[in-house]
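One is the number of the first residue; the rest follow in order along the sequence.
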Amino acid sequence: LYDYAVSYSYSSTLFQQVYAENQARGKKKLAAFAPEYSKNTAIHLSDDGRVITRQKYRKNLYPIPGVLEEIEEISKIAATDIFTGQEASETTFRRVAGKYDLLHLAMHTVVDNNNPMFSKLIFSDTPDSTNDGLLNTFEIFGLRLRARMVVLSACSTGEGDYSNGEGVMSLARGFVYAGSPSLIMTMWEIEDKTSILLMKRFYQNLFKGQNKAKALQEAKIEFIRQAKPENTHPL
């Protein structure tokens, strides 16, 4: 970390495929999503008493107040369209995501290593007959994005099983197939106050002109130097 700014791709085939597309990028600069969660979310039951699938992923998802501060700090650095609360829905994301050059998603994740295509990003639970607020990995593969970079400020978005010749089969990988050549993802659970400091410095570095890898490297180093020792180790 101290000597090199590191970036990598899942595989040489995927790297060539994504960069060969050379597609037009989003006309709008940056969109940031921070869904709303309630610790008092009711558990919805079907007529026969079974838990409705969409709710079983929400019942233990407590609010993460730090994400609101995180995207507010980002908006001070660059012009940002902010989607919070009920606006941070899956339907809204599907509708607007293809218009942006940068996407920042600060939210809960459910990782399913047994069925990685069913790992999911959890958007706000809004009444909707079209989408259930759970964006699965297999659905991300079907999106058509124009973002040059997607920042997944959520727990374990890079976690998944390793496939020989293809790399890690993670939720984040879906965004590459969807058209975004650059990702920032997490390999473990993150604490929301920590991510505020790290993301703030990353975007400051990025919009000063540093490349993505260098901007993240310096943000990490600065955080490690300033944080309490117990907050500088991923475990």
> Can you find a pair of side-chain heavy atoms, one from K29 and one from T80, that are under 4.5 Å apart?
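Contact flag for K29/T80 side chains = no.
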
> What I want to find out is whether E90 reaches R94 closely enough, with some N-O distance under 4.0 Å, to be called a salt bridge.
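Looking at E90 and R94, the cut-off is met.
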
> Below 30° counts as parallel, above 60° as perpendicular, anything between as tilted: where do the rings of F93 and F123 land?
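Ring orientation of F93 relative to F123: tilted.
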
> Under a plain distance cut-off of 3.5 Å, with no hydrogens placed, do S195 and E70 share a side-chain donor-acceptor pair?
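Per modelled atom types, E70 and S195 side chains form a pair under 3.5 Å.
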
> Cluster question for you: counting only ILVMFWY and a side-chain heavy-atom cut-off of under 4.5 Å, with indirect links fine, are F118 and I122 together?
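Yes, it is one cluster - the side chains of F118 and I122 are joined through contacts under 4.5 Å.
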
> Answer with yes or no whether the hydrophobic clustering places L197 together with I71; edges join I, L, V, M, F, W, Y residues whose side-chain heavy atoms lie under 4.5 Å apart.
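Each belongs to a different hydrophobic cluster.
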
> Considering all heavy atoms of both residues, which atom of N136 and which atom of E139 are nearest to each other, and what is their separation?
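Answer, listing the atom of N136 first, then E139: N-OE1, 2.8 Å.
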
> Hey, does the side chain of T92 reach the backbone of E87 with a donor-acceptor pair shorter than 3.5 angstrom?
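Checking the backbone N and O of E87 against the side chain of T92, a donor-acceptor pair under 3.5 Å is found.
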
> Heavy-atom distance under 4.5 Å between the side chains of V96 and Y100, does that happen here?
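Yes, close enough: below the 4.5 Å cut-off.
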
> Drop me the distance from E69's CD to M199's CE, to the nearest 0.5 angstrom.
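Answer rounded to 0.5 Å: 14.0 Å.
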
> Distance-only, no hydrogens or angles: does the Q217 side chain make a donor-acceptor pair with backbone N or O of L1 under 3.5 Å?
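Side chain of Q217 to backbone of L1, a donor-acceptor pair under 3.5 Å: yes, one is there.
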
> Report the distance from atom OG1 of T137 to atom CG of D112, rounding to the nearest 0.5 Å.
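Going from the OG1 atom of T137 to the CG atom of D112 covers 9.0 Å.
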
> Does Q86 offer a backbone N or O that forms a donor-acceptor pair with the side chain of T126 under 3.5 Å?
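No; judged by distance alone, with no hydrogens or angles, the pair does not exist.
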
> Using 0.5 Å steps for rounding, measure from the CG atom of D101 to the CZ atom of R148.
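Spacing of CG (D101) from CZ (R148) equals 4.0 Å.
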
> Assess whether atom OH of Y2 is packed by more than 12 heavy atoms of other residues, nucleotides or ligands within 6.0 Å.
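Counting other residues, nucleotides and ligands, OH of Y2 exceeds 12 neighbours.
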
> With no hydrogens and no angle check, is any side-chain donor or acceptor of S180 less than 3.5 Å from a backbone partner on A147?
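Pair found, side chain donor or acceptor close to backbone of A147.
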
> Would I184 and M149 count as a side chain to side chain contact (heavy atoms under 4.5 Å, CB included) here? Give the steps.
CA-CA 8 Å; I184 289 182; M149 181 176 70; 4.2 Å; yes

> Which value, rounded to the nearest 0.5 Å, describes the distance between E72 atom CD and T84 atom OG1?
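Result: 8.5 Å between the selected atoms.
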
> For I77 versus Y203, what's the shortest heavy-atom pair and its separation?
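Result for this residue pair: CG2-O, 3.7 Å.
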
> Calculate, to the nearest 0.5 Å, the distance between atoms CZ and CG belonging to F175 and L145 respectively.
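Going from the CZ atom of F175 to the CG atom of L145 covers 7.0 Å.
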
> Find out if a path of hydrophobic residues (ILVMFWY) with successive side-chain heavy-atom gaps under 4.5 Å connects Y8 to L171.
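Cluster IDs for Y8 and L171 match.
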
> Could you check whether R225 pairs with E222 (Lys NZ or Arg NE/NH1/NH2 to Asp/Glu carboxylate O, under 4.0 Å)?
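No salt bridge links R225 with E222.
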
> A106 and P35: which non-hydrogen atoms are nearest, and at how many Å?
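Closest approach of A106 to P35, heavy atoms only: O-CD, 3.3 Å.
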
> Any idea which heavy atoms bring V67 and A34 closest together, and the distance?
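Heavy atoms of V67 and A34 come nearest at CG2-CB, 3.8 Å.
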
> Locate the shortest heavy-atom distance separating S153 from H104; write the atom from each residue and the value.
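Where S153 meets H104 most closely, the heavy atoms are CB-NE2, 3.8 Å.
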
> Atom NZ of K220 and atom CZ of F202: how far apart are they, to the nearest 0.5 Å?
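Spacing of NZ (K220) from CZ (F202) equals 10.0 Å.
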
> I need the minimum non-hydrogen distance between S75 and I82, along with the two atoms involved.
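That would be CB-CD1, 3.8 Å.
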
> With a 3.5 Å distance limit and no angle check, can you tell me whether T186 reaches the backbone of A154 through a side-chain donor-acceptor pair?
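Such a contact is found between T186 side chain and A154 backbone.
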
> Under the side chain to side chain contact (heavy atoms under 4.5 Å, CB included) criterion, do R201 and E218 qualify, and how do the steps go?
CA-CA 8 Å; R201 180 57 65 189; E218 293 198 357; over 6 Å; no

> Would a single hydrophobic cluster contain both V151 and L206, if residues Ile, Leu, Val, Met, Phe, Trp and Tyr are joined by side-chain heavy-atom contacts under 4.5 Å?
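Yes, because L206 and V151 connect within a single hydrophobic cluster, where side-chain heavy atoms sit under 4.5 Å apart.
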
